[in-house]
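The block underneath contains the structure these notes are about, expressed in structure tokens.
In listed order, ligands and their atoms are each counted from 1.
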Amino acid sequence: MISLKSKREIEIMREGGKILAEVLRYLGGYVKPGIRTIDIDEKAAALIKERGAEAAFKGYRGYPANICASVNEEVVHGIPSERELEEGDILSVDIGVKYKNYFVDAARSWPIGTVSPLAEKMIKVAEASLYKAALPHLTAGKRLGDVSSAIQKYVESQGFNVVRDFVGHGIGQSIHEEPQVPNFGRPDRGMKLESGLVLAVEPMVTEGGYEVAILDNGWTVVTCDGKLASHHEDTVVVNEGMPEILTAWEKEI
Ligand code: MF3
Ligand code: CO
């Protein structure tokens, strides 16, 4: 079942989104060489709690941490640990926030110090695949396949690949709702988008092949070829005109 959110529900998710955007903005300035991913987890948990919200991933299907922190060849679902960030790493931080019984979900990827030009480009491509390629298609009357194919086309045109095995999703009173939102597909296919549909759109972009594997910890998704990956995610409301991004600052888009 696909749920469309009322104005009142969107108002709550907007507040949750603002909290999450603030937390991510703060963390973007906090990460640097020498910081451990567990430090980022603790910091995120405190910032979320301070704002009267909850870190939504903890305990979700047994997930052991507050956030996901994925480094280099880790694509998503990296478990925060004692690992220290090093100059040249790329880090993605994915956070779910529960606020007044509604969820929002977003991720950012950041270079740690100076990274290779290719890594820097990949981060920008993942971000632009959402803000430039997908956004114009996230509007009432378009189809889900228009969004998916726009992301894939843009990413591939820039020389990168999109992960197939993990996808975006609807979001609201559950963190994962229907429909699934793949980052690959064909235009003019799939469900018609309607005003009030809220989606977590999350391109996962790889430097090499798109094949991924899951580590023995049961969570961490890595590229099979060991090359870098980048992840960018926002919670977006479909409208008649331009969509509203609940989890970003105007300056980011
Ligand atoms: N943003 C991630 C997703 O939508 C959240 C993973 S939830 C976790 O898949 F708790 F399992 F990490
Ligand atoms: Co998500």
Which pairs of nitrogen or oxygen atoms, taken one from ligand 1 and one from the protein, are under 3.5 angstrom apart?
from, atom 1, to, atom 2, distance (Å)
ligand 1, 1 (N), Asp94, OD1, 3.3
ligand 1, 1 (N), Asp94, OD2, 2.7
ligand 1, 1 (N), Asp105, OD1, 3.1
ligand 1, 1 (N), Asp105, OD2, 3.0
ligand 1, 1 (N), Glu233, OE1, 3.2
ligand 1, 4 (O), Asp105, OD2, 3.3
ligand 1, 4 (O), His169, NE2, 2.9
ligand 1, 4 (O), His176, NE2, 2.9
ligand 1, 4 (O), Glu202, OE2, 3.1
ligand 1, 9 (O), His77, NE2, 3.4
ligand 1, 9 (O), His176, NE2, 3.4

- Task: Mind checking the NZ-CG spacing from Lys32 to Leu91? Nearest 0.5 Å is all I need.
- Result: 13.5 Å
- Message: What's the separation between atom NZ in Lys7 and atom CZ in Arg14, rounded to the nearest 0.5 Å?
- Response: 9.5 Å
- Message: Less than 4.0 angstrom from a charged side-chain N to a carboxylate O is my criterion; do Asp146 and Lys192 meet it?
- Response: no
- Message: Distance check, rounded to the nearest 0.5 Å: Ile175 atom CD1 versus His169 atom NE2?
- Response: 6.0 Å
- Looking at residues at least two apart in the chain, or sitting in another chain, which of them share a salt bridge (charged side-chain N to carboxylate O under 4.0 Å, His left out) with Glu82? Arg36
- Is a side-chain donor-acceptor pair under 3.5 Å present for His77 with Tyr63? no
- Query: OG of Ser174 to OH of Tyr102: how many Å apart, nearest 0.5 Å?
  - Reply: 10.0 Å
- Message: Once side-chain contact (heavy atoms from CB on, under 4.5 Å) is applied, do any residues pair with Ser148, and if so which ones, sequence neighbours excluded?
- Response: Pro182
- Within less than 2.8 Å of the Co ion (ligand 2), how many protein N/O/S atoms are there? 4
- ILVMFWY cluster, Met204 and Val221 together (side-chain gap under 4.5 Å): yes
